A.B. asks: 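Quick one: structure below, then a few questions.
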Amino acid sequence: MNRSLIIVTIAAALGLTACTSTPAPDNTATTTPPSAATTPPNSVVTQVVTETVTNPVAPPAKPVIGSFGYGDLKLGMSLQDALNTKLISPDLGAKPEAACTHHDITGTGQKVWVSRTKGVASISFNTSMSSDGVGVGATEEKLKAEYTNLVPTGPNYSYAADADGNQSAQFLFGVREGKLTAAVLLLKNQDCHN
């Protein structure tokens, strides 16, 4: 019986030792220095920035004089259609019985005449309104270089030139002392002026 008691005592002592003992250090694992164990792990901060990019609206293309008109202002268009282009002012004061109304071309210092029966009849233009630099204020030399189809004319104008690709229109130019004093695109059959 003594012997049984000794075996039970040894087994109990071994069991208590197993419960209270610390495990042996694992030499294969890396040890963490004590200071690092107290700092929180590095965190990744992600920031989303939303930026609205607005492409600026391109300014409308600058109108230029051509064989059919000035930008959206076309020879032959009705008075209302011409006003709707926003390129011309209201009538400058024609008499109600007049065959034509007279308007400023906005921002140019030039004029347009609109026939009550034929629509836009003529458009005067200066150098800033043309792509080739010909218009009121240009030199006669520049005119002759750009318009090779000029024909001397009179009595109110110096030269005429057919409008390229538009058989219904022509250009008229007035020259004084080597400078253009008049430049007009007009319908050949217009009834506003001679």
Side-chain angles (χ1 to χ4, degrees), residues 55-194:
N55 292 331
V57 176
K62 179 182 178 253
V64 294
I65 198 76
S67 294
F68 294 89
Y70 175 65
D72 290 337
L73 181 64
K74 305 295 184 194
L75 290 175
M77 72 178 1
S78 72
L79 173 58
Q80 189 57 55
D81 287 344
L83 290 167
N84 289 344
T85 67
K86 307 287 188 224
L87 291 172
I88 68 170
S89 70
D91 181 19
L92 294 174
K95 295 178 182 174
E97 68 277 0
C100 299
T101 56
H102 188 217
H103 308 262
D104 282 326
I105 301 173
T106 307
T108 66
Q110 299 300 303
K111 309 287 184 217
V112 62
W113 289 263
V114 181
S115 166
R116 296 189 192 283
T117 59
K118 299 179 186 295
V120 173
S122 62
I123 303 168
S124 66
F125 60 98
N126 59 34
T127 57
S128 71
M129 297 168 67
S130 69
S131 61
D132 57 14
V134 172
V136 172
T139 64
E140 185 175 11
E141 182 181 352
K142 177 71 172 169
L143 171 66
K144 288 179 176 180
E146 296 295 333
Y147 287 78
T148 57
N149 62 343
L150 287 174
V151 177
T153 190
N156 298 326
Y157 294 96
S158 306
Y159 299 101
D162 286 334
D164 292 337
N166 185 354
Q167 295 178 359
S168 301
Q170 68 178 354
F171 291 95
L172 291 177
F173 301 99
V175 177
R176 181 177 294 139
E177 298 177 8
K179 289 274 193 184
L180 269 70
T181 57
V184 182
L185 171 67
L186 66 148
L187 291 172
K188 289 180 180 176
N189 66 350
Q190 57 84 23
D191 58 355
C192 291
H193 47 91
N194 53 6

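Remember, it's a predicted structure, so these values are computed and weren't measured experimentally.
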A.B. asks: Is it the case that the side chain of Ser158 and the backbone of Val175 share a donor-acceptor pair, with hydrogens and angles ignored and the cut-off at 3.5 Å?
C.D. replies: yes

A.B. asks: Can you confirm whether or not the ring centre of Tyr159 sits under 6.0 Å from the ring centre of Tyr147?
C.D. replies: no

A.B. asks: Please report the C-alpha distance between Met77 and Thr85 in whole Å, then the side-chain angles of each, then the deciding distance to 0.1 Å, and finally whether the side chain to side chain contact (heavy atoms under 4.5 Å, CB included) criterion is met.
C.D. replies: CA-CA 10 Å; Met77 72 178 1; Thr85 67; 4.1 Å; yes

A.B. asks: So, taking the atom named OG1 in Thr101 and the one named CG in Asp91, what distance separates them when rounded to the nearest 0.5 Å?
C.D. replies: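 Going from OG1 on Thr101 over to CG on Asp91, the span is 5.0 Å.
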
A.B. asks: Could you tell me the separation between the NZ atom of Lys179 and the CD atom of Glu141, rounded to the nearest 0.5 Å?
C.D. replies: 10.5 Å

A.B. asks: Please name the pair of heavy atoms, one in Asp132 and one in Glu146, separated by the smallest distance, quoted to 0.1 Å.
C.D. replies: CB-OE1, 3.6 Å

A.B. asks: For Glu177, I'd like to know if atom CD has over 12 heavy atoms of other residues, nucleotides or ligands within 6.0 Å.
C.D. replies: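 Atom CD in Glu177 is not packed in, count stays at 12 or less.
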
A.B. asks: Is there a side chain to side chain contact (heavy atoms under 4.5 Å, CB included) between Lys118 and Asn189? Walk through the geometry before answering.
C.D. replies: CA-CA 9 Å; Lys118 299 179 186 295; Asn189 66 350; 3.8 Å; yes

A.B. asks: Nearest heavy-atom pair of Thr181 and Arg176: which atoms, and what distance?
C.D. replies: CG2-CB, 3.8 Å

A.B. asks: Please say which of Leu83, Asn84, Ile88 ends up in a side-chain contact (heavy atoms from CB on, under 4.5 Å) with Leu73.
C.D. replies: Ile88

A.B. asks: Starting at CD1 of Ile123, measure out to CG of Leu186 and round the result to the nearest 0.5 Å.
C.D. replies: 9.5 Å

A.B. asks: Indicate the ring-plane relationship of His102 and Trp113, choosing parallel, tilted or perpendicular according to the 30° and 60° boundaries.
C.D. replies: parallel

A.B. asks: What's the shortest heavy-atom distance between Met129 and Ser124, and which atoms?
C.D. replies: CE-O, 3.6 Å

A.B. asks: What is the minimum heavy-atom distance between Phe173 and Phe125, and which atoms define it?
C.D. replies: CE2-CZ, 3.9 Å

A.B. asks: Apply side chain to side chain contact (heavy atoms under 4.5 Å, CB included) to residues Thr127 and Leu180 and explain how you reach the verdict.
C.D. replies: CA-CA 10 Å; Thr127 57; Leu180 269 70; over 6 Å; no

A.B. asks: Rounded to the nearest 0.5 Å, what separation is found between the CG atom of Asp191 and the SG atom of Cys100?
C.D. replies: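 Output value for this atom pair is 4.5 Å.
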
A.B. asks: Grab the two heavy atoms, one from Ala169 and one from Leu75, that are nearest each other, plus how far apart they are.
C.D. replies: CB-CD1, 3.6 Å

A.B. asks: Can you find a heavy atom in the side chain of His103 that is under 4.5 Å from one in the side chain of Val114?
C.D. replies: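 With C-beta onward as the side chain, the pair touches.
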
A.B. asks: What's the separation between atom CG in Asn166 and atom NZ in Lys74, rounded to the nearest 0.5 Å?
C.D. replies: 10.0 Å

A.B. asks: So do the side chains of Asn149 and Asp164 get within less than 4.5 Å of each other, counting heavy atoms only?
C.D. replies: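 With C-beta onward as the side chain, the pair touches.
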
A.B. asks: May I ask you to decide if Tyr157's main-chain N or O and Thr153's side chain share a donor-acceptor pair within less than 3.5 Å?
C.D. replies: no

A.B. asks: Looking only at heavy atoms, which two atoms of Ala160 and Leu172 are closest? And how far apart?
C.D. replies: CB-CD2, 3.5 Å

A.B. asks: Would you mind reporting whether Tyr70 and Val112 have side-chain heavy atoms less than 4.5 Å apart?
C.D. replies: no

A.B. asks: Would you confirm whether Lys188, through its side chain, and Gln167, through its main-chain N or O, come within 3.5 Å as a donor-acceptor pair?
C.D. replies: yes

A.B. asks: If I take atom SG from residue Cys192 and atom NZ from residue Lys111, how far apart are they, to the nearest 0.5 angstrom?
C.D. replies: 14.5 Å

